Structures are given as C-alpha cells and as structure tokens.
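Per chain, numbering begins at 1; letters A, B, ... match sequence-line order. FYI, side chains are in, hydrogens and waters are out, and symmetry mates aren't considered; it's all heavy atoms of this structure. In this text the structure is predicted, and so the values were computed from the model without any measurement.
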There are 2 protein chains.
Amino acid sequence: MSEGEVKMKSAARHDRVRQQHSDELAEDYVEAIADLLTKSGQARVIDLQGIFGVSHVSVIRALKRIEERKLIHKTVEGSWRLTETGEAMAKASSERHELVLNFLQALGVSDLQAQVDAEGMEHHLSSETLSSMRRYLDQNQ
Amino acid sequence: MSEGEVKMKSAARHDRVRQQHSDELAEDYVEAIADLLTKSGQARVIDLQGIFGVSHVSVIRALKRIEERKLIHKTVEGSWRLTETGEAMAKASSERHELVLNFLQALGVSDLQAQVDAEGMEHHLSSETLSSMRRYLDQNQ
DNA sequence: CTGTCGATGTAGCATGGGCTACATCTAGAT
DNA sequence: ATCTAGATGTAGCCCATGCTACATCGACAG
Ligand SMILES: [Mn+2]
Ligand SMILES: [Mn+2]
Ligand SMILES: [Mn+2]
Ligand SMILES: [Mn+2]
C-alpha cells in the first residue's frame, strides 16, 4: 500500500465521520419524536427542548431543516409527526440505539454510563460492527 | 425518577455529545501531528490536508484554533510541533484510538471497517467503557 | 372581559468548519 | 538570472448550530 493510498483511506475515513455528524441531528430528532408520540401522543417544540437541552429557537430551526428533508411535518394542532421516511429512520435509529446500549451493558458498563456513551457512539457504527455487537449479545445471552 | 429528572439526564447526555464534538477536531489533529512527527520529523499543512481530506485553508484555520488552545505551535521552519499539553493529548488520543481499533477487531469486525468506525467512535467513549474494552481484550488474549 | 403566562415564532448575532479565488514566497529547473 | 510550481496565507463566501431579545397568540384565572 503506497503512501498515497494510505492518505486516501485516511481522508475517506474522516469524510465519513463528517457525513455521520451531518446525519446525527436528524437521527436523534426523529427518534425523540417517535418516542414522544408513543409516550404522550404529541411531540411539541418544548418537549424537544427539554430532551436536547437547547433553546426553543434551536429546536424550531432544527425541525425546519429536518422538515426540508421530508422526515417530519407539522400538524394543524401544532404537534410534529413523522413521514413514512421519518418513521423508518426513527425505527432504525431507535433499534440501533437500543442495541448499542444493550451491548455496552453486556460488556460490563454501568447503566448510566452506557446510556451516555451510546448517545454519541451510535451514529458512527457500520452495519458490520452492529452485527458483531448483535452476535456478541447472542453469545452472552 | 420523575419526568423532569429523565429530561435533565437526556439533556446532559446530549450536552456531553456536543462537548465531545467540539473536542474531536483537536484530538484528531494532535494525534495526526504526533504521527507525522514520528514518521517524517515534520508536520506541515499539506500533510494534514492529505490526512483529513479538506482544503489547505480549512487545515490552516483548524491549526489556528488548536494553537489558541495551546496544544500546538509553529516552528520557524514552518513545521508544527506539539506543546507539552498537546503531547499528552496526542498520546492519550492515540492510545485510545489503538484500543478501540483492537477492540473492534477482536469483536470480529474486519480491519478496514474497524479503522473507519474507530475514527468516529473514539471521541464518545468514557473511561469506564474504555476499561471494559481493555478487559474484553485481556480476556480474549 | 381582561390580563397574564406559556408556547411558538422571528430577528439578529456568534462560532465552527467547510469552500474557491487570489496573493505571496521560496526553491529548484532551465 | 529568471521562470515556475508548490506551499502557505488571506479575503470572503456558505451553512449548521448555538444563543438572547422581542413579538405574537391562545387558554385560562380572576
Ligand atoms: Mn445520539
Ligand atoms: Mn460524533
Ligand atoms: Mn483518531
Ligand atoms: Mn477520530
């Protein structure tokens, strides 16, 4: 492997991380919205403000960007809903989140710390790594 | 645990992820600089441009921000060096990177994919999770 | 009814981190 | 000696994501 090839791979790696970061907010938002809808039937700005710990302004603008990506839309009553695409992303995100959380716990990480670490990690895992985590969980009950 | 406490923890979790993201660039840069210095004795803008796959302008500005954090400084010959703090961060980052990479490989992830996933994950792991990974590696040789 | 307050929205600002285009400077080739 | 190309730096733009301050609007208490 030449010097040039090594550099290429390194650049591609960092490129992928930047892409993951630009997807991260949408993934967390649709997951949170799905969760709110299940638990309380509505997902309002103020609920999301509480979940993410940012100002209501930041929430509103994030929602607008995510709406432009056709993942969510606002009902006349003022609650937010998921489109079909959004629903699919929410389901995938939340299953992935759950898997990562369970994996960390199975590895021996405390519940609280596993929850914290999963929140950041989850956006950087390939399907191959997720499969390996699933396999580990299966092999350890 | 009350509704409010759950919200608080969720907000704190996301807060931590945002903090990790704001540290991420510095961690990767000092690691890359240390690596370049070891391998070739110099760390120039163009080397980092190749590693991260961004324009030289982005590299220059990143370096300036990291310099303001007293992690690096520029020599008269135009190469970049690490301060003591930077050296410490580079050492910690690179050990952590290596650990995460080895852990993923031990878990059964292919070398190439492990390298990609480690690049993003590494910045989101608590010392508790890193310890669990070390333990796993020890128990599996 | 009216006043107040909570939720939402807008205006305007900052910072981080991307980019292209253009300027400069130096070293090496001719 | 001069010309050129590579490395570096600057100017100025973009977008995402945070913020405060201010405006609106609707529901409910009095
Ligand atoms: Mn997350
Ligand atoms: Mn990340
Ligand atoms: Mn790294
Ligand atoms: Mn990294």
Side-chain angles (χ1 to χ4, degrees), chain A residues 3-4 7 11-30 32-33 36 40-69 71-81 119-120 123, chain B residues 3-4 7 11-30 32-33 36 40-69 71-81 119-120 123:
Chain A
E3 179 95 1
K7 271 191 194 166
R13 217 157 71 208
H14 287 283
D15 231 62
R16 182 151 170 283
V17 174
R18 286 189 292 268
Q19 184 58 55
Q20 288 166 337
H21 282 154
S22 94
D23 294 338
E24 174 159 348
L25 189 121
E27 291 172 355
D28 281 339
Y29 265 70
V30 294
I33 290 170
L36 285 168
S40 77
Q42 60 178 356
R44 295 165 306 160
V45 170
I46 196 160
D47 301 318
L48 294 160
Q49 174 179 1
I51 288 172
F52 293 106
V54 296
S55 72
H56 75 278
V57 184
S58 297
V59 172
I60 288 170
R61 295 211 325 202
L63 288 171
K64 276 182 189 155
R65 285 194 303 273
I66 297 166
E67 187 178 30
E68 276 162 23
R69 290 171 62 171
L71 294 167
I72 58 172
H73 61 93
K74 196 170 58 170
T75 64
V76 280
E77 310 96 53
S79 172
W80 288 84
R81 289 295 163 83
E119 195 64 74
H123 310 280
Chain B
E3 180 96 1
K7 272 190 195 168
R13 218 156 71 208
H14 288 282
D15 232 62
R16 182 150 172 283
V17 175
R18 285 189 292 267
Q19 184 58 56
Q20 288 166 336
H21 283 155
S22 93
D23 293 339
E24 173 159 349
L25 189 121
E27 291 172 357
D28 281 339
Y29 266 70
V30 293
I33 290 170
L36 286 168
S40 77
Q42 61 178 355
R44 294 164 308 158
V45 170
I46 197 161
D47 301 319
L48 294 160
Q49 175 179 359
I51 288 172
F52 292 107
V54 296
S55 72
H56 76 279
V57 183
S58 296
V59 172
I60 288 170
R61 295 211 326 202
L63 288 171
K64 276 183 188 152
R65 285 195 302 274
I66 297 165
E67 187 177 32
E68 275 162 23
R69 290 170 63 171
L71 294 167
I72 57 173
H73 61 91
K74 197 170 56 169
T75 64
V76 280
E77 311 95 54
S79 173
W80 288 84
R81 290 296 162 85
E119 196 63 75
H123 310 281

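The distance from atom NE2 of B:His56 to atom P of C:dA23 is 14 Å, rounded to the nearest whole Å. Rounded to a whole Å, the CZ atom of A:Phe52 is 10 Å from the P atom of D:dG18. For the pair A:Glu24 CD and D:dT17 P, the computed distance is 9 Å after rounding to whole Å. Rounded to an integer number of Å, the gap from B:Trp80 CH2 to D:dA7 P is 17 Å. As rounded to whole Å, 13 Å separates atom C1' of D:dG6 from atom CD of B:Gln42. Note: CD (A:Glu27) to P (D:dT17) measures 12 Å, nearest angstrom. One interatomic measurement links the two molecules: CG of A:Leu25 to P of D:dC15, which rounds to 17 Å at whole-angstrom precision. The separation between B:Asp15 atom CG and D:dT17 atom P is 16 Å, rounded to whole Å.
Under 3.5 Å, the side chains of B:Gln19 and B:Asp15 contain no donor-acceptor pair of N or O atoms.
Nearest-nucleotide assignment on DNA chain C puts the 5′-proximal partner with A:Ile60, out of A:Arg18 and A:Ile60. For the pair B:Arg61 and B:Gln49, both in contact range of DNA chain D, the more 5′-proximal nearest nucleotide belongs to B:Gln49.
The shortest distance between the side-chain N/O atoms of B:Lys64 and the OP1/OP2 oxygens of C:dT15 is not below 4.0 Å. Look at A:Ser58 and you'll find a side-chain N or O under 4.0 angstrom from OP1 or OP2 of D:dC19. Within the 4.0 Å cut-off from OP1 or OP2 of D:dG18, not a single side-chain nitrogen or oxygen of A:Ser55 is found.
Among the atoms of the strands shown, base atoms are found under 4.0 Å from some heavy atom of B:Val57. A:Arg65 comes within 4.0 angstrom of a nucleotide base, judged by non-hydrogen atoms across all strands.
Among D:dT8, C:dT8, C:dG17, the nucleotide with an atom closest to any side-chain atom of B:Arg44 is D:dT8.
Under the 3.5 Å distance criterion, the side-chain polar atoms of B:Asp23 are left unmatched by any main-chain donor or acceptor of B:Gln20.
Between A:His14 and B:Val54 the shortest side-chain heavy-atom distance does not fall below 4.5 Å. Here the side chains of A:Glu119 and A:Asp28 are in contact, with some heavy-atom distance below 4.5 Å.
In this structure, CG in A:Leu36 is found 11.0 Å from OH in A:Tyr29, a value given to the nearest 0.5 Å.
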